[in-house]
Undergrad: 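This structure is in structure tokens; I'll ask about it shortly.
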2 protein chains.
Amino acid sequence: MKGKQKALIEAKAKVLKALGHPTRLWLAEQLADGEKCVCELAEPLEADFSTISKHLSVLKEAGVIAGQKRGKMVYYRLKVPCILKYMPCVEAVIEAGIKEQAELLE
Amino acid sequence: MKGKQKALIEAKAKVLKALGHPTRLWLAEQLADGEKCVCELAEPLEADFSTISKHLSVLKEAGVIAGQKRGKMVYYRLKVPCILKYMPCVEAVIEAGIKEQAELLE
DNA sequence: AGGTTATTTGGCAAAACAACCAAACAAAAC
DNA sequence: GTTTTGTTTGGTTGTTTTGCCAAATAACCT
């Protein structure tokens with residue numbers, strides 16, 4: 001694996017890793033139908049604001065979301081919405097696993 | 001976020017997280033056009049066999065790949081091939097980030 | 001200015017992860 | 001049946017990640 005190839009795969013892994021945490025995936029999914037401010041995002045999650053803020057910054061750092069400050073609120077949005085189009089396939093992976101386990105019980 | 005919803009999002013995050021490591025993403029991509037044995041996969045990666053084996057087991061645990069033993073070799077394959085169809089979108093995220101940085105230099 | 005609200009940052013302890021080594025297994029070859 | 005080959009498991013160590021707290025910042029309100 002050479003330099004350029006390696007850099008690309010590392011960049012891709014970073015994006016996937018950013019989404020690879022339940023809280024962050026949930027946050028990204030909340031942005032599916034438009035931007036939301038941190039307060040809207042944080043409310044349903046029973047976690048510290050600082051925790052949410054850090055998760056958002058991981059997503060931002062990975063290039064998944066972007067934030068814009070308006071007034072005293074910060075609004076986040078998906079930068080590349082196709083990122084959520086993947087979820088049906090991810091769910092298919094999970095379903096395949098469940099199906100397999102069910103077959104073991106037969 | 002209730003129990004069932006939570007379990008689903010955790011399962012999805014687990015899949016994404018499994019792919020969220022350069023070595024594991026590379027391994028998954030190697031399986032795009034059919035199964036390969038561990039030895040074939042490990043050879044180009046200059047890492048310990050045990051390291052590769054553990055990465056493969058993370059992918060297996062997440063339901064991304066499945067292994068089958070034939071003779072003394074173990075052959076791994078993608079369980080749900082659509083998992084790689086996502087990469088163009090992931091690349092789009094990276095490109096958007098690069099483009100943005102370029103604009104800063106103008 | 002001083003106070004309040006929304007969000008980020010820094011610091012810290014606990015938990016999870018990654019990579020290596022050595023040892024265990026399992027199937028094949030001798 | 002012992003050795004060799006391919007792969008996994010267990011153990012260790014260093015690094016990274018998480019999540020909470022307290023403090024800092026930033027913009028609005030009075």
Side-chain angles (χ1 to χ4, degrees), chain A residues 1 6 9-28 30-31 34-79, chain B residues 1 6 9-28 30-31 34-79:
Chain A
M1 194 159 32
K6 193 179 164 193
I9 215 153
E10 278 170 3
K12 290 194 285 183
K14 185 174 177 180
V15 172
L16 291 162
K17 185 176 179 179
L19 292 167
H21 184 287
T23 302
R24 290 194 296 262
L25 181 55
W26 183 88
L27 287 166
Q30 296 313 298
L31 302 177
E35 62 176 24
K36 289 212 168 62
C37 71
V38 179
C39 50
E40 285 174 290
L41 291 168
E43 198 217 332
L45 294 170
E46 292 167 18
D48 204 275
F49 259 73
S50 68
T51 301
I52 309 297
S53 181
K54 272 175 189 168
H55 280 306
L56 287 167
S57 98
V58 172
L59 287 166
K60 190 168 72 181
E61 176 73 19
V64 175
I65 64 175
Q68 193 194 6
K69 185 156 193 170
R70 285 207 300 279
K72 56 184 161 183
M73 271 111 111
V74 177
Y75 293 87
Y76 281 97
R77 66 183 168 77
L78 287 180
K79 264 172 88 176
Chain B
M1 197 160 28
K6 194 179 164 193
I9 213 149
E10 279 171 1
K12 289 195 284 184
K14 186 173 176 182
V15 172
L16 291 162
K17 185 175 181 180
L19 292 167
H21 183 287
T23 303
R24 289 194 295 262
L25 180 55
W26 183 88
L27 286 167
Q30 297 312 299
L31 302 178
E35 63 177 21
K36 289 212 168 60
C37 70
V38 179
C39 48
E40 285 175 291
L41 292 167
E43 195 215 335
L45 295 169
E46 292 167 19
D48 205 275
F49 259 75
S50 67
T51 301
I52 309 296
S53 180
K54 271 172 189 167
H55 281 307
L56 287 167
S57 98
V58 171
L59 287 166
K60 189 168 72 178
E61 177 72 19
V64 175
I65 63 174
Q68 194 194 4
K69 186 157 194 169
R70 287 207 298 280
K72 57 184 160 182
M73 273 110 112
V74 177
Y75 292 87
Y76 282 97
R77 64 183 170 79
L78 286 180
K79 264 174 88 177

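Because the structure is predicted, anything quoted here is derived from the model rather than measured. Proteins come first, then strands; the chains are lettered A, B, ... in the order of their sequence lines, and each starts at number 1. What's counted below: heavy atoms across the whole structure, side chains too, no hydrogens, waters or symmetry copies.
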Undergrad: Residues in salt bridge (charged side-chain N to carboxylate O under 4.0 Å, His left out) with B/Glu40, at least two apart?
TA: none
Undergrad: Mind listing the closest non-hydrogen atom pair of A/Ala62 and A/Ala18 along with its distance?
TA: CB-CB, 3.6 Å
Undergrad: Rounded to whole angstrom units, what separation is found between the CD atom of B/Glu35 and the C1' atom of D/dG6?
TA: 16 Å
Undergrad: Pairs in or reaching into residues 41-67 of chain B: which pass salt bridge (charged side-chain N to carboxylate O under 4.0 Å, His left out), with residues at least two apart or in two chains?
TA: B/Lys14-B/Glu61
Undergrad: In whole angstrom, give the distance that lies between atom CD of A/Glu43 and atom C1' of C/dA6.
TA: 14 Å
Undergrad: Nearest heavy-atom pair of B/Leu16 and A/Gly20: which atoms, and what distance?
TA: CB-CA, 3.8 Å
Undergrad: Could you write nucleotides 20-30 of chain D as a row of B, S and -, 5' to 3', where a protein heavy atom under 4.0 Å of any base atom gives B, of only sugar-phosphate atoms gives S, and otherwise -?
TA: BBB---SSS--
Undergrad: Would you say the side chain of A/Leu41 lies within less than 4.5 Å of the side chain of A/Leu31, judging by non-hydrogen atoms?
TA: yes
Undergrad: Heavy atoms within less than 4.0 Å of DNA chain D: which residues of residues 58-68 of chain B have one? Give them sorted by number.
TA: none
Undergrad: When you check the phosphate oxygens OP1 and OP2 of C/dA6, does a side-chain N or O of A/Tyr76 lie under 4.0 Å from one of them?
TA: no
Undergrad: Any side-chain heavy atom of B/Pro44 sitting closer than 4.5 Å to one from B/Trp26?
TA: yes
Undergrad: According to salt bridge (charged side-chain N to carboxylate O under 4.0 Å, His left out), who are the partners of B/Lys36, at least two apart in sequence or on a separate chain?
TA: none
Undergrad: Would you mind reading off the distance between A/His55 atom NE2 and D/dT17 atom C1', rounded to a whole angstrom?
TA: 9 Å
Undergrad: Do A/Val58 and A/Arg24 touch side chain to side chain, with heavy atoms closer than 4.5 Å?
TA: yes
Undergrad: Side chains of B/Thr23 and A/Ile9, heavy atoms from C-beta outward: is any pair under 4.5 Å?
TA: no
Undergrad: Just how far, in rounded Å, is C1' of D/dT16 from CZ of A/Arg24?
TA: 12 Å
Undergrad: Is there side-chain contact between B/Ile65 and B/Arg77, with heavy atoms separated by less than 4.5 Å?
TA: no
Undergrad: Where the side chain of A/Val38 is defined as all heavy atoms beyond and including C-beta, which of D/dT18, D/dT7, C/dT8 is the nearest nucleotide?
TA: C/dT8
Undergrad: Specify the residues of residues 11-21 of chain B, ordered by number, for which at least one heavy atom lies under 4.0 angstrom from an atom of DNA chain D.
TA: none
Undergrad: Between B/Glu10 and B/Lys17, does any side-chain N to carboxylate O distance fall below 4.0 Å?
TA: no
Undergrad: Please state how far atom CG in A/Leu27 lies from atom P in C/dT7, giving the value in whole angstrom units.
TA: 13 Å
Undergrad: For A/Tyr75, which contact category applies under a 4.0 Å heavy-atom criterion: base, sugar-phosphate, or nothing?
TA: nothing
